[in-house]
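Heads up: the structure comes next, in structure tokens.
By convention in this document, chain letters (A, B, ...) are assigned in the order of the sequence lines, proteins followed by strands, and residues within each chain are numbered from 1. As a basis for the values below, the full set of heavy atoms in this structure was taken, side chains included, without hydrogen atoms, waters or symmetry mates.
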Number of protein chains: 2
Amino acid sequence: MSIKQPPDPPKDGNEIDLGRLGTSFGFVMRMAQVEVFETFFENLSQYGLKPGEFSVLWLLYENPGIRQGALANRLRIKRPHMTKLIQHFEERGLIVRSVPDNDRRGMELRLTAKGRRFVDDRQEAFFTHTEHELDRLSDEEAKQLIRLLRKYLQL
Amino acid sequence: MSIKQPPDPPKDGNEIDLGRLGTSFGFVMRMAQVEVFETFFENLSQYGLKPGEFSVLWLLYENPGIRQGALANRLRIKRPHMTKLIQHFEERGLIVRSVPDNDRRGMELRLTAKGRRFVDDRQEAFFTHTEHELDRLSDEEAKQLIRLLRKYLQL
DNA sequence: TATTGTTATACTCTATAACTATA
DNA sequence: TATAGTTATAGAGTATAACAATA
């Protein structure tokens, strides 16, 4: 019951047919994510910034005293991974950890003065990059795209 | 010149302020990507499907005889990684590789009958999943979101 | 018993450089 | 010289299970 293959036209570079895959949300998301990371590192690697790291430090900047688990939940980073991130930040002197009196299982996190300076020194570059990520789209389209992604995320 | 921290309100679960990060395209993309992967595996792990693997097999299904490098370029998968993926598919008997006469450096890839059957047995589940990925949005919003992502990708 | 954070382990994806064989 | 694919190696990021301390 196997069907004979049609003669194979030679394919190179970009004449490759994505078929239905080209309108799959998951597929275009994955491709777009690759693009997002590439432009991020092109623009910001000189500042020693990684997207995941900056998001953690930024949340500590905005929410001093946040608990480690709450931070992990919010950023959808798994706890074992968060432990490692936090350890590295502590070793670099960017954050301090303290055990709260009311629940001594937990860890409260705060930026040190050095940590706040680290964020302050980079937030302009980070958010300027952010503003230009969607320059291929009109202002209206860019707003719409972010709105729709936030709706998908139920943010 | 350091400014005293305000008293820290206790933060738990979801009252965590994302600040400007919450409208960063890169950030919401990364969060959405996590969600996309989670729902993918919830729905399709029973079929032994991984998104990257399926995309490779699907392109071979639609473009028999495609060159390995062209496939890597199209899917933005790095060549060393593609080599490994292809080796695994060959070991599983899903694809065959052949050296074209006109350029004996290359590798042309084709699904075997088993490989076509593998895709046939899974494409309905895959594309049905795809159709429901954006059920949180209206049909119009879903179309718009995919259109905007494709525009960002210059697809 | 359940929860917070930690440790250990492993797997995927990615990145780079060096290698081969062909062109 | 340049290109297609391979190998080797390393680093992120993630996943799971098992553990200690605390609730």
To the nearest angstrom, how far is A/N73 atom CG from C/dT4 atom C1'? 11 Å
Does NZ or CZ of A/R122 fall inside the cone over A/F118's six-membered ring, less than 6.0 Å from its centre and within 45° of the axis? yes
Can you find an N or O donor on one side and an acceptor on the other, under 3.5 Å apart, linking the side chain of A/K84 with the base of D/dT14? yes
On DNA chain D, more 5' by nearest nucleotide between B/Q87 and A/D101 is B/Q87
Sorted by position of nearest nucleotide on DNA chain D, 5' first, the leading residue of A/P80 and A/P100 is A/P80
Going by atom types alone, do A/R79 and A/Q68 pair a side-chain donor with an acceptor below 3.5 Å? no
B/M31 CE to D/dG13 P, in whole Å, measures 15 Å
Check this for me: does the side-chain of A/R104 come within 3.5 Å of the base of D/dT22 through a donor and an acceptor? no
Return whichever of A/G106 or B/I77 has its heavy-atom-nearest nucleotide of DNA chain C closer to the 5' end. A/G106
How long is the line joining CD of A/E35 and P of C/dT14, in whole Å? 14 Å
May I have the distance from B/K50 (atom NZ) to D/dT14 (atom C1'), rounded to whole angstrom? 13 Å
Decide if atom CG of B/D121 counts as having more than 12 heavy atoms of other residues, nucleotides or ligands within a radius under 6.0 Å. yes
I'd like to know if the side chain of B/D120 pairs up with that of B/Y61 as donor and acceptor (distance under 3.5 Å, no hydrogens or angles considered). yes
Looking only at side-chain atoms of B/R105, point me to the closest of D/dA23, C/dT22, C/dT7. C/dT22
Using the ring centroid of each side chain, check whether B/F27 and A/W58 are separated by less than 6.0 Å. no
Value in whole Å for how far the P atom of C/dT22 lies from CD of B/Q68: 16 Å
Hey, is the side chain of B/R79 poking within less than 4.0 Å of OP1 or OP2 on D/dA4, counting only N and O atoms? yes
Write down the distance between CD (A/Q33) and C1' (C/dT12), rounded to a whole number of angstrom. 15 Å
Just compare D/dT7, C/dA15, D/dA23 and give me whichever is closest to any side-chain atom of A/D103. D/dA23
C/dT6 OP1/OP2 closer than 4.0 Å to side-chain N/O of A/T83: yes
May I have the distance from B/L71 (atom CG) to D/dA4 (atom P), rounded to whole angstrom? 14 Å
Can you tell me if the side-chain N/O atoms of B/K78 get under 4.0 Å from OP1 or OP2 in C/dT16? no
Students often get this wrong, so: under 4.0 angstrom with heavy atoms, is B/R97 touching a base, only sugar-phosphate, or nothing? sugar-phosphate
Whole-Å distance between C/dT7 C1' and A/H88 NE2? 14 Å
